[in-house]
Amino acid sequence: MRARRLACFVTPHGFGHAARACAVIEALGLGMMERLGMMEPAVALEVELFTTVPEWFFAASLRVPFRYHAVRTDVGLAQRDALDEDLAATVHELDAFLPWPAAVVDELAAEVRDRQCEAVLCDVAPLGIAVAHAAGLRAALIENFTWDWIYERYLDREPRLARHAAELARWFSAADLRVQTEPVCRPWPGATSVAPVARLPRRGRDEVRRELGLDAGERAVLVTMGGIPWDYAAMIGGGGPRVPGGVVLVVPGGAPERRDLPWARLLPFHSDLYHPDLVAAADAVVGKLGYSTLAECWCSGVPFGFVPRESFPESPILAAAILDGTAGVEVPAPALASASWEWLEAVLAVPRIAGGRCRGNADAAAVLAEWLGG
């Protein structure tokens with residue numbers, strides 16, 4: 001049996017888009033395996049990944065076979081830190097990146113053809129759409145926003161983004177299939193909308209809590225600022241005595257190697273503990289408001305104490321979805337910087353939803369499978 005092979009272009013803006021792409025690829029691959037009556041990991045689907053998101057992220061997230069190609073696929077937004085974007089630096093990077101040289105697109109198109117890919121899947125990386133067209137293939141776009149929409153909302157602060165927004169809008173509109181994952185920033189005519197998409201936990205809550213060394217009565221709070229580095233010193237350095245009684249903070253990216261403190265478990269970004277398992281094992285999650293964290297909390301039913309990004313256009317749409325769904329509460333950014341945790345009880349008081357809420361993984365995969373055909 002010949003495997004179905006897809007090329008996948010993923011924006012390197014944080015880890016959230018890679019997380020969503022992995023969730024869709026897993027659902028598609030495992031769905032193919034189920035339809036074929038196969039019991040081994042999905043040899044029915046293979047993926048050629050083009051991105052600069054670290055390869056280890058995909059190795060941890062995917063059971064579908066993949067080959068990794070370190071290619072910069074997108075600019076997105078330059079960030080000073082997890083909460084603060086740098087528009088001038090964004091323009092500088094876009095000026096060097098766009099328009100894509102024809103030789104670059106043609107080389108990638110030849111690579112995709114040589115790998116016998118039958119279509120291209122993009123998570124907000126429009127370069128993949130250009131490559132698909134050059135290779136004579138169809139392109140599917142997974143998104144809850146596109147960069148042209150984001151850039152247009154910064155034009156009063158940075159007018160130089162206008163021409164890049166126009167260039168990218170042309171490519172995004174050229175996708176042959178568009179799947180939008182809720183919460184959607186700009187509904188697109190003819191697109192298929194599905195519930196939030198997230199990587200799913202693989203291990204039981206009790207097993208993960210034991211591995212973290214948590215006692216039965218302790219409440220675990222996962223602290224995450226996403227895949228962009230963040231200095232946690234102000235947040236947790238002196239926070240031990242101020243954390244409510246019986247609370248243990250679990251902090252991926254909090255230390256280069258695991259450190260167990262009486263009031264915290266500091267973990268490296270790349271650890272043996274799978275991030276969706278940490279979310280599902282937590283009594284609450286606190287951190288930057290981003291799509292993948294929202295989706296993983298939503299799908300696992302875990303309360304989310306979210307820190308909005310003041311000027312990022314997606315932020316109020318994500319916040320409204322959380323508040324409308326009574327899935328969490330807002331945490332002001334200064335509260336994190338002060339390392340004062342009196343507000344945490346309000347987050348922990350949000351009811352946890354056993355079994356989680358509706359997720360769109362299977363629906364997104366079904367749309368893609370029908371589009372691919374066979």
Side-chain angles (χ1 to χ4, degrees), residues 4-29 45 47-51 53 69 71-77 97-100 105 108-109 112 117-152 164-198 291-292 295 313-314 317 360-373:
R4 309 291 294 272
R5 187 170 291 125
L6 297 179
C8 185
F9 286 69
V10 181
T11 179
H13 184 79
F15 289 165
H17 298 279
R20 178 170 59 193
C22 287
V24 172
I25 290 168
E26 277 281 279
L28 180 62
L45 178 67
V47 177
E48 304 288 336
L49 280 167
F50 295 83
T51 187
V53 175
H69 307 265
V71 174
R72 188 178 192 188
T73 59
D74 198 11
V75 169
L77 281 175
F97 190 68
L98 292 173
W100 305 297
V105 175
L108 289 169
V112 166
C117 297
E118 60 183 271
V120 178
L121 176 65
C122 308
D123 196 309
V124 200
L127 174 60
I129 300 172
V131 170
H133 283 214
L137 301 174
R138 296 178 297 161
L141 175 63
I142 307 290
E143 53 100 347
N144 72 302
F145 69 72
T146 53
W147 289 119
D148 58 310
W149 182 84
I150 296 289
Y151 296 161
E152 287 165 4
H164 297 303
E167 169 77 3
L168 295 183
R170 180 169 69 88
W171 285 110
F172 283 125
S173 65
D176 301 287
L177 173 72
R178 188 182 291 228
V179 179
Q180 295 190 299
T181 63
E182 297 173 352
V184 177
C185 292
R186 177 176 59 185
W188 190 260
T192 298
S193 179
V194 300
V197 169
Y291 184 89
S292 66
E314 179 195 34
I317 294 166
N361 299 31
D363 289 339
V367 171
L368 284 167
E370 182 178 357
W371 177 72
L372 289 168

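Every heavy atom of this structure was used, including side-chain atoms; hydrogens, water molecules and symmetry mates were not. Note that the numbering runs from 1 along the sequence shown for the chain.
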Review point. What distance separates Ile25 CD1 from Leu45 CG, expressed to the nearest 0.5 Å?
Key: 7.5 Å
Practice item. Could you list the residues that satisfy ring pair (Phe, Tyr, Trp, His ring centres under 6.0 Å) with His164, not counting sequence neighbours? Key: none
Check your understanding: Are side-chain heavy atoms of Leu6 and Glu118 found at a separation under 4.5 Å?
Key -> yes
Review point. Of all residues at least two apart in sequence or in a different chain, which pass the side-chain hydrogen bond (donor to acceptor under 3.5 Å, both in side chains) check with Thr181?
Key: Arg20, Tyr291
Exercise for review: State, to 0.1 Å, how close Ser292 and Ala19 come at their nearest heavy-atom pair, and which atoms those are.
Suggested key: CB-CB, 4.0 Å
Exercise for review: Starting at CG of Leu49, measure out to SG of Cys22 and round the result to the nearest 0.5 Å.
Suggested key: 7.0 Å
Point to revise | Counterpart residues, side-chain hydrogen bond (donor to acceptor under 3.5 Å, both in side chains), relative to Arg186 (two or more places apart) | key: Thr146, Asp148
Point to revise | Verdict with supporting geometry, Leu168 and Leu98, side chain to side chain contact (heavy atoms under 4.5 Å, CB included) | key: CA-CA 9 Å; Leu168 295 183; Leu98 292 173; 3.8 Å; yes
**Study point:** Check: Glu314/Asn144 side-chain N/O donor and acceptor closer than 3.5 Å
**Key:** yes
Study note, to complete from the structure: Nearest heavy-atom approach of Ala165 to Glu152 is CB-CG, 4.2 Å
Exercise for review: Give the intermediate values and the outcome of side chain to side chain contact (heavy atoms under 4.5 Å, CB included) for residues Leu121 and Leu28.
Suggested key: CA-CA 12 Å; Leu121 176 65; Leu28 180 62; 5.9 Å; no
**Study point:** For the student: nearest non-hydrogen atoms of Ile129 and Phe172, plus distance
**Key:** CD1-CA, 4.1 Å
Practice item. Would you check, one step at a time, whether the test side chain to side chain contact (heavy atoms under 4.5 Å, CB included) holds for Leu108 with Leu127? Key: CA-CA 10 Å; Leu108 289 169; Leu127 174 60; 3.9 Å; yes
**Study point:** Closest non-hydrogen atom pair, Trp100 against Ala130
**Key:** CZ3-CB, 3.7 Å
Revision key, fill the gap. So salt bridge (Lys or Arg N to Asp or Glu O under 4.0 Å) across residues 131-147, not counting sequence neighbours, yields Glu143-Arg178
Practice item. Could you pull out all residues at least two apart from Glu48 that satisfy side-chain hydrogen bond (donor to acceptor under 3.5 Å, both in side chains)? Key: Arg67, His69
**Study point:** Non-neighbouring partners of Tyr151 that pass side-chain hydrogen bond (donor to acceptor under 3.5 Å, both in side chains), sequence neighbours left out
**Key:** none
Review point. Do Thr73 side-chain atoms and Thr51 backbone N/O form a donor-acceptor pair below 3.5 Å?
Key: no
Revision key, fill the gap. In short, Ala198 meets Asn361 closest at the heavy-atom pair O-ND2, 2.7 Å
Practice item. Identify the heavy atoms of Phe145 and Val124 that sit nearest to each other, and give their distance. Key: O-CG1, 3.7 Å
Check your understanding: Is there a side-chain contact between His133 and Asp176, using heavy atoms and a 4.5 Å cut-off?
Key -> yes
Check your understanding: After noting the C-alpha distance and the side-chain angles of Val131 and Phe50, does the key distance pass the side chain to side chain contact (heavy atoms under 4.5 Å, CB included) rule?
Key -> CA-CA 11 Å; Val131 170; Phe50 295 83; over 6 Å; no
Exercise for review: Check whether any side-chain N or O of Gln180 sits under 3.5 Å from a backbone N or O of Ala191 as a donor-acceptor pair, and report yes or no.
Suggested key: no
